[in-house]
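I have placed the structure first, in the form of structure tokens, so that the comments after it can refer back to it.
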Amino acid sequence: MSKISESLFVTEIQQHQGIIHKVCNMYCDDAEDRKDLFQEILLQLWRAFPSFRQEAKMTTWMYRVALNTAISRLRKQKRKPENTALSISELQIADTPIDTEKEEQLVQMHKAIAQLNKIEKAIMMLYLEDKSYDEIAEIIGITKNHVGVKINRIKIKLKSQLEAQNI
Amino acid sequence: MNLDDFKSSWKVYNAHTIDQLKVGKEQIKQMLAGKTQDIVSKIQRNIRYELVVNYVFFILLSIGYFFYPTHITSDPAERNVLYAIWIFVLVTSTVYYALKYHQISQIKHSSETLKVRIKSIVDTMQKYLKIYLYFSLAIVPITIFGLIIASTDSNAKSSLLAWIVIIGITCVTVAIVYVFTQWYINKVYGNYVKGLKSCLHELSENEDAPL
């Protein structure tokens, strides 16, 4: 690809890289894994960039490629468990006053989300990002009705997990 | 804490962590020079390596055939049969590699929707792994049979017992190849395809269920 399109691509990625980081955080256990997935998503986006049509939103297209890459990648066999949740220290955000009880609730919520399967994680992430049902349907490839059914089920699942943890 | 309350905390948390993880233009450019680990590229790379190994092996055999013929077998007729078997193996495997390569390139790109992409990987991988198993079952015994014939003494070959042993070894080889290939496929791709099948099931179930 030409230098102009590379430069355009890099600018777009720099502007929207948050999407890739969010997907990596959702699907990776450690920093090294996150770095590998970040690069893989970047390469897949770069490969798909020439076929990107402007009628779709750049962010929708990026979510699609990023989630596809994260979910369909062939991972190296690891002994570590796939679902790891964040600890309180990882959740502590500087300059953000959050009381201890809320912090604990946040950790439990992250833990509960980490227990979801890959598809549920994808839908939940898009839901938490305030994506419309239409946009979620466009990214995942299911009907708007099915998105609603899924979200309701995930909510129930999370609620029962949190109740089991006495939150 | 319900999900809607969690949304705002999620956004604050992400904004903070992403700020720490942000990469610059130069880093992005460097990453673009890397090699993809995507399933399609990975398998296509393996196919290319296997094809090269196949041709190198054939070249070595051709050197033996033309320059050191008696090292292979003293009987010229047997030598020709053996060489013909190798040419057959080479041509067949080239067609097989081309077929595999084409098969894998049918997988939809990651810019498709999640469901389309996963379905495409599952369907293609199932066909690909079947081709892999059947080809291994067919080609390895032919090769082993050729090698045994070439390395067996002409007098020994006239006895019935020798043929029973040759056929027996070939049958055992087929069984070993079957078990090994199944084990290998399962080890490398088994869990992967199984995981994607469960994702696909998750995307397909009760699609029209009421809200």
Side-chain angles (χ1 to χ4, degrees), chain A residues 6 9-11 13-14 17-18 21-22 25 34 36 38-40 42-44 46-48 51-52 61 64-65 67-69 71-75 91 93-94 96 98 102 105-106 108-109 117-120 122 127-130 138-143 145-146 148-149 152 155 158-159 162 167, chain B residues 1-3 5-7 9-19 21-26 28-29 31-32 34-39 41-43 107-119 121 187-189 191-192 195-196 198-200 202-211:
Chain A
E6 188 187 271
F9 175 78
V10 172
T11 309
I13 292 298
Q14 214 193 5
Q17 61 176 292
H21 288 301
K22 281 175 210 165
N25 285 342
R34 266 195 289 273
D36 287 348
F38 186 90
Q39 183 172 20
E40 188 57 41
L42 209 60
L43 288 165
Q44 291 304 319
W46 177 230
R47 188 185 272 189
S51 61
F52 169 64
W61 175 76
R64 209 187 252 184
V65 175
L67 286 170
N68 257 322
T69 309
I71 291 174
S72 67
R73 75 186 170 139
L74 183 59
R75 297 180 80 186
L91 271 173
I93 300 163
T96 312
I98 299 176
K102 205 171 178 187
Q105 287 178 339
L106 270 174
Q108 296 307 328
M109 186 62 96
N117 67 41
K118 288 177 177 179
I119 299 297
E120 290 170 336
Y127 172 77
L128 291 171
E129 287 299 311
D130 273 335
E138 203 184 322
I139 293 166
I140 306 288
I142 57 178
T143 61
N145 189 34
H146 198 189
V149 173
N152 280 340
K155 279 181 180 175
L158 288 174
K159 198 179 166 196
L162 292 173
I167 300 292
Chain B
M1 176 183 270
N2 67 36
L3 265 182
D5 294 337
F6 180 65
K7 263 187 189 177
S9 309
W10 163 270
K11 281 175 190 160
V12 173
Y13 166 71
N14 271 326
H16 172 74
T17 45
I18 288 162
D19 257 1
L21 294 168
K22 267 188 175 167
V23 292
K25 281 188 177 180
E26 281 315 305
I28 293 173
K29 279 182 187 170
M31 284 186 198
L32 290 179
K35 206 189 266 181
T36 174
Q37 294 302 315
D38 168 54
I39 181 84
S41 314
K42 226 173 181 176
I43 293 180
I107 291 179
K108 302 265 188 227
H109 196 266
S110 47
S111 54
E112 292 288 345
T113 66
L114 205 53
K115 192 176 174 182
V116 168
R117 160 92 168 161
I118 293 175
K119 189 173 181 331
I121 297 178
K187 186 176 162 53
V188 181
Y189 300 111
N191 286 337
Y192 176 69
L196 288 182
S198 103
C199 286
L200 195 59
E202 187 71 29
L203 289 169
S204 308
E205 62 170 352
N206 298 330
E207 190 149 345
D208 297 317
L211 271 170

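Remember, it's a predicted structure, so these values are computed and weren't measured experimentally.
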Q.
Looking at Arg117(B) and Asn68(A), would you say the former's side chain and the latter's main chain have a donor-acceptor pair under 3.5 Å?
A. no
Q) Is it the backbone or the side chain of Leu21(B) that comes under 4.5 Å from a heavy atom of chain A, or both, or neither? A) both
(Q) Under a 4.5 Å cutoff for heavy-atom pairs, which residue among Ile39(B), Val116(B), Leu32(B), Ile118(B) has the most contacts with chain A? (A) Leu32(B)
Q. Can you name the nearest heavy-atom pair linking Gln39(A) to Met31(B), along with the distance?
A. NE2-O, 2.9 Å
Q: Name the option with the most non-hydrogen atom pairs under 4.5 Å to chain B; the candidates are Asn117(A), Leu128(A), Leu43(A).
A: Leu128(A)
Q) Is it the side chain or the backbone of Tyr127(A) that comes within 4.5 Å of chain B heavy atoms, both, or neither? A) both
(Q) Please classify the contact between Lys11(B) and chain A as side chain, backbone, both or neither, with a heavy-atom cut-off of under 4.5 Å. (A) side chain
Q) Parallel, tilted or perpendicular: which describes the rings of Trp61(A) and Phe52(A), with under 30° parallel and over 60° perpendicular? A) tilted
Q | SB check Lys35(B) Asp36(A) (cutoff 4.0 Å) | A | no
Q: Please confirm whether the backbone N or O of Lys187(B) pairs with a side-chain atom of Tyr192(B), one donor and one acceptor, at under 3.5 Å?
A: no
Q | Ile121(B) versus chain A, the contacting section by heavy-atom distance below 4.5 Å | A | side chain
Q.
With chain B as the partner, which of Thr69(A), Asp130(A), Leu158(A), Leu67(A) has the greatest number of non-hydrogen pairs under 4.5 Å?
A. Asp130(A)
**Q.** Glu138(A): side chain to side chain contact (heavy atoms under 4.5 Å, CB included) partners, not counting sequence neighbours
**A.** Thr60(A), Arg64(A)
Q | Contacting region of Ser41(B) [heavy-atom separation from chain A under 4.5 Å] | A | side chain
Q. Chain B: which of Lys159(A), Gln14(A), Glu40(A) shares the most heavy-atom pairs with it under 4.5 Å?
A. Glu40(A)
Q: Could I get the full list of ring pair (Phe, Tyr, Trp, His ring centres under 6.0 Å) partners for Trp10(B), not counting sequence neighbours?
A: none
